[in-house]
Number of protein chains: 2
Amino acid sequence: MAKASIQAVAAEAGVSASTVSRTFAKPDLVLPETRDRVLAAAQKLDFQVSRSAAALKSGQSFRIAFLHADTIDVWFNVNVYRGLDSVFHPAGYDISVYSMSNAQDRHRFFTDLPVRRNADAVIVCSFDIDPDEVSRLKDMNVPLIGINTPSIAGLDGAVCIDDLQGMHMALEHLTSLGHRRIAYVYTTSDDAARLRFSAENRLQGLLLAAKAHPDVTIEQIRCSGHEDPTSTALAQLTTMTPAPTAVCFQTDELALPVLYRLPQYGLQVPRDLSVIGFDDIPFASKMGLTTLRQRPQDLGAIAARKAIEAMGGPLPEPRFETVRAQLMLRDTTAIAA
Amino acid sequence: MAKASIQAVAAEAGVSASTVSRTFAKPDLVLPETRDRVLAAAQKLDFQVSRSAAALKSGQSFRIAFLHADTIDVWFNVNVYRGLDSVFHPAGYDISVYSMSNAQDRHRFFTDLPVRRNADAVIVCSFDIDPDEVSRLKDMNVPLIGINTPSIAGLDGAVCIDDLQGMHMALEHLTSLGHRRIAYVYTTSDDAARLRFSAENRLQGLLLAAKAHPDVTIEQIRCSGHEDPTSTALAQLTTMTPAPTAVCFQTDELALPVLYRLPQYGLQVPRDLSVIGFDDIPFASKMGLTTLRQRPQDLGAIAARKAIEAMGGPLPEPRFETVRAQLMLRDTTAIAA
DNA sequence: TTGTATGCGTTATCAC
DNA sequence: GTGATAACGCATACAA
């Protein structure tokens with residue numbers, strides 16, 4: 001089972017090694033009939049181009065570094081990964097995932113910078129990356145693309161979800177149903193960098209949108225990292241006076257456990273309380289939660305295309321992009337009581 | 001920002017390139033003080049070993065192929081990935097993910113076999129891989145490790161969750177609470193290979209365990225891929241006569257939406273109906289679901305260690321391993337009505 | 001369009 | 001314990 005080299009294929013096909021190389025790297029530069037002969041020989045010998053050798057010679061690594069906050073299993077991160085993969089994989093790139101669960105991971109990453117010479121582009125996701133870190137990454141001379149980064153300074157491209165527009169829609173939906181007392185539930189946990197920004201942006205979006213409605217009040221329910229957010233939210237929602245008639249949650253993940261328990265505390269949804277989430281995770285549709293859909297896969301795919309474009313030379317066009325959230329009307333919002 | 005080569009570091013440190021190489025690859029073969037000098041020089045020049053070059057010369061690719069059914073975002077798959085990464089990343093390996101969402105993906109993979117010469121080990125997860133495919137992968141002469149594979153034939157190692165033991169615990173728990181009429185809800189969708197096996201194994205486990213209790217009956221509720229499983233399960237659970245007093249779900253994912261809707265149909269949990277899930281996904285604890293915990297991260301880590309051992313030479317020891325599920329007692333089971 | 005020659009940056013093998 | 005040297009397998013400039 002000696003792994004066939006490019007030489008062996010060349011011999012089998014009766015051509016030179018360069019022709020075999022070209023057949024795989026730049027098929028259009030080789031005569032169709034030659035190409036077919038080479039492909040047949042390759043198939044016969046079970047030949048696959050060695051990525052290591054190709055990488056060494058070409059100076060590329062065919063690896064993309066994907067930096068993200070928290071862990072890869074959070075819904076947003078893994079779906080961004082899927083989007084990246086849907087573009088990078090067919091293009092011949094592997095994705096190296098670097099999870100920054102805590103300050104230590106992060107410190108180690110930025111001192112070792114294992115990405116140097118080992119990535120053709122860097123994708124930074126939901127990351128409160130500081131200017132120092134940006135400049136260190138830029139020193140690597142590879143494209144640096146952001147996804148939902150708080151700032152776009154120093155990036156070669158970026159794509160963000162439009163939290164403001166999303167919350168604007170949420171508020172307009174609720175006010176059109178007659179809601180005036182609206183609560184907003186969010187978390188501020190230290191070890192979930194992604195959530196910090198979305199919490200902030202979404203709150204701002206809600207407050208901004210509320211300015212157009214002088215009679216609307218927004219009550220903030222803040223769940224700090226130490227406590228169980230479900231309990232905090234339930235306690236507040238059931239005891240506030242005057243009681244809100246609608247509540248927006250920073251994320252579906254936060255909303256769903258509360259939605260489940262509300263009946264136990266005498267609140268019928270949507271009769272007594274309208275509920276809106278954010279994200280549209282799979283459980284949201286299964287539980288009928290009205291929510292704002294964002295598609296992390298799309299963000300990932302857009303970022304990947306920008307990266308590929310930037311690797312080709314000039315900066316991607318457009319460099320910065322914003323994607324709208326979509327209001328999914330389901331069973332948890334109704335006319336105010 | 002010319003990327004420093006190993007030569008440059010050697011010059012800076014006043015040693016030969018070989019010594020620099022050794023400092024990174026086999027630090028114990030080099031004198032501590034020499035090592036410090038080299039490390040200092042490397043740090044100064046921002047040097048990192050080129051994985052491509054190292055790979056070419058050493059004959060390894062430093063890549064692991066991770067084949068899984070369905071998509072990477074399903075809870076089980078992404079957590080297996082985390083487990084793999086926790087072992088492979090520190091060991092210097094990157095993971096290339098190959099998602100087999102459908103027959104076409106799979107066919108393409110096995111005809112192209114992009115993994116040939118480009119992976120040092122193959123991990124196959126939740127895969128109804130057939131003998132032909134196993135032998136094609138084995139031809140690559142790299143370790144082949146399975147995770148929750150239906151068969152272990154031809155694999156160099158494998159680790160599986162003990163579905164039978166898990167369901168045995170579930171049944172004993174329920175019978176000890178006085179339940180005698182127990183339902184089991186499962187899905188059979190074509191495009192979710194993982195679920196097919198777990199559905200089958202878990203059902204068998206339940207039936208097997210029930211043999212010890214002649215007065216216990218197991219009613220199967222099968223949700224085919226075309227219909228909404230939540231509706232099917234609810235319809236059956238609320239209309240069966242005699243009504244079951246407890247229900248086991250194949251997965252938490254299946255259980256939770258049903259759990260949410262049961263009160264709407266007049267069934268209080270656990271007063272009228274006890275509910276047990278399987279997996280212990282994050283929402284299970286948030287919603288108080290009694291369930292069987294499995295830890296895909298552990299399976300991934302175990303598989304990764306077996307792979308590394310097998311790459312070293314002999315077969316891993318033990319070659320095949322089974323991990324127990326753990327019963328998490330929460331709020332959805334109680335004494336039979 | 002295809003073949004020839006060369007070198008990418010590292011590691012393995014051997015001396016020393 | 002360290003240094004010199006050759007080779008890993010391919011892609012590219014250049015020649016044909």
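None of these values were measured; they are calculated from a predicted model. In what follows, every heavy atom counts, from backbone to side chain, and hydrogens, waters and symmetry copies are set aside. We name chains A, B, ... by the order of the sequence lines, and we start the count at 1 in each one.
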- Query: Can you pull the side chain to side chain donor-acceptor pair (under 3.5 Å) pairs that have at least one residue in residues 23-37 of chain A, sequence neighbours excluded?
  - Reply: none
- Query: Which part of the nucleic acid, if any, lies within reach of Ser52(A) when heavy atoms closer than 4.0 Å are counted: base, sugar-phosphate only, or nothing?
  - Reply: nothing
- Pairing residues for Glu309(B) by the salt bridge (Lys or Arg N to Asp or Glu O under 4.0 Å) criterion, not counting sequence neighbours: none
- Task: Can you sort out the partners of Arg305(B) under salt bridge (Lys or Arg N to Asp or Glu O under 4.0 Å), two or more places apart, ordered by chain and number?
- Result: none
- Residues pairing under ring pair (Phe, Tyr, Trp, His ring centres under 6.0 Å) where one sits in residues 15-53 of chain B, two or more places apart or in two chains, turn out to be Phe24(B)-Phe47(B)
- Message: Checking Tyr81(A) now: which residues fulfil ring pair (Phe, Tyr, Trp, His ring centres under 6.0 Å) with it, not counting sequence neighbours?
- Response: none
- Report yes if at least one side-chain N or O of Ser16(B) is closer than 4.0 Å to OP1 or OP2 of dA4(D); otherwise report no. no
- Query: Taking CD from Gln60(A) and P from dA11(D), how many angstroms apart are they, rounded to a whole number?
  - Reply: 11 Å
- Query: Taking protein heavy atoms under 4.0 Å as touching, what does nucleotides 7-16 of chain C look like 5' to 3' if B marks base contact, S marks sugar-phosphate-only contact and - marks none?
  - Reply: BBBBBB----
